[in-house]
Amino acid sequence: RRARHSAPPVLSRVLARAGDLGPPRLDHPGLAAVAALRCGRTRRELSLATASDAVSGRFTFHGKSRELGNGDAVDWQHPELNEGTRLWKTQLHEFSYALDLADAARTTGDRAFHDRLVTLISDWSRVSPIGHKGFALDVWNARAVATRLINWSIAAAILEVRPADPLFEQFDAQLAV
């Protein structure tokens, strides 16, 4: 009971401290090295297929594919995702496909992959706020948050995202949370 009443002040302190950190350092040399390593070890045809699927709203984890969108909005909270172990849903929210979208955008030069990544992050951010029903189960649990931030950061490094890029604004907003 006490934690429920203390949550808002804690969150406001965390957000205030996050704001003091300044913008994310997506151009850090260590992050660039990790991005280069990831791109160098990627099977291009598989990565491109994963990126193409993400563009169309199709996601695959553990050999199970699901159509969660029509190439535009994704049903991030589809009721079917709450069945079973929920690992599939957790992995959807971890954004591993962001790396494939970024790599596809970089290697093919096709802006559709970059734009889809921006749209997915924006859409996810809009429908997955902290505090929505069941948020801590798979969307905002420690594993999902840590993995998502790593994936987004590496994707930004692959794309060499800078402050003028709309993707930077998305990363900045989410990293502040």
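Owing to the predicted nature of the structure, the values given are computational and were not obtained by experimental measurement.
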Residues 33-54 vs ring pair (Phe, Tyr, Trp, His ring centres under 6.0 Å), sequence neighbours excluded, gives none
Main-chain N/O of [Y] paired with [X] side-chain donor or acceptor, under 3.5 Å:
X: Arg86; Y: Leu137; answer: no
X: Thr107; Y: Asp103; answer: yes
X: Tyr97; Y: Ser47; answer: no

- [ ] Dump the intermediate steps for side-chain contact (heavy atoms from CB on, under 4.5 Å) on Gln77 and Leu81, then the final yes or no.
- [x] CA-CA 7 Å; Gln77 306 299 331; Leu81 300 178; over 6 Å; no
Subject >> Same apolar cluster (I L V M F W Y, side chains within < 4.5 Å links), Ile158/Leu37 >> reply: no
Using the rule that Ile, Leu, Val, Met, Phe, Trp and Tyr join whenever any side-chain heavy atoms are under 4.5 Å apart, tell me whether Phe61 and Leu87 fall into a single cluster. no
side-chain hydrogen bond (donor to acceptor under 3.5 Å, both in side chains) filter on Asp115, not counting sequence neighbours, yields Arg111
Any heavy-atom pair between the side chains of [Y] and [X] that's under 4.5 Å?
X: Asp123; Y: Val74; answer: yes
X: His78; Y: Arg66; answer: no
X: Ser128; Y: His93; answer: yes
X: Phe59; Y: Asp53; answer: no
X: Lys64; Y: Thr60; answer: no
X: Leu101; Y: Leu120; answer: yes
X: Leu68; Y: Trp76; answer: no
X: Lys89; Y: Glu80; answer: no

What closest approach, in Å, do [X] and [Y] show between heavy atoms, and which atom pair accounts for it?
X: Ala155; Y: Ala98; answer: CB-O, 3.7 Å
X: Thr90; Y: Ala144; answer: CG2-CB, 4.2 Å
X: Leu149; Y: Ser153; answer: O-OG, 2.8 Å
X: Ala102; Y: Leu159; answer: O-CD2, 3.4 Å

Could you tell me whether [X] and [Y] make a salt bridge, using a distance below 4.0 angstrom between a side-chain N and a carboxylate O?
X: Asp100; Y: Arg38; result: yes
X: Glu160; Y: Arg106; result: no
X: Glu67; Y: Arg58; result: yes

Checking side chain to side chain contact (heavy atoms under 4.5 Å, CB included) against Trp152, which of Ile121, Val161, Leu99 comes through?
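Testing Trp152 for a side chain to side chain contact (heavy atoms under 4.5 Å, CB included) against Ile121, Val161, Leu99 leaves exactly one candidate, Ile121.
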Once the angle between the rings of Trp124 and Trp140 is folded into 0 to 90°, is it parallel (under 30°), tilted (30 to 60°) or perpendicular (over 60°)? tilted
To the nearest 0.5 angstrom, please state how far the [atom1] atom of [X] sits from the [atom2] atom of [Y].
X: Arg44; Y: Thr108; atom1: CZ; atom2: OG1; result: 10.5 Å
X: Ser56; Y: Arg116; atom1: OG; atom2: CZ; result: 8.0 Å
X: Leu92; Y: Arg148; atom1: CG; atom2: CZ; result: 10.0 Å

Discussion item. Tell me every residue that passes side-chain contact (heavy atoms from CB on, under 4.5 Å) with His28, counting only those two or more places apart in sequence or in another chain.
Written reply: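 side-chain contact (heavy atoms from CB on, under 4.5 Å) list for His28, sorted by chain: Arg25, Leu31.
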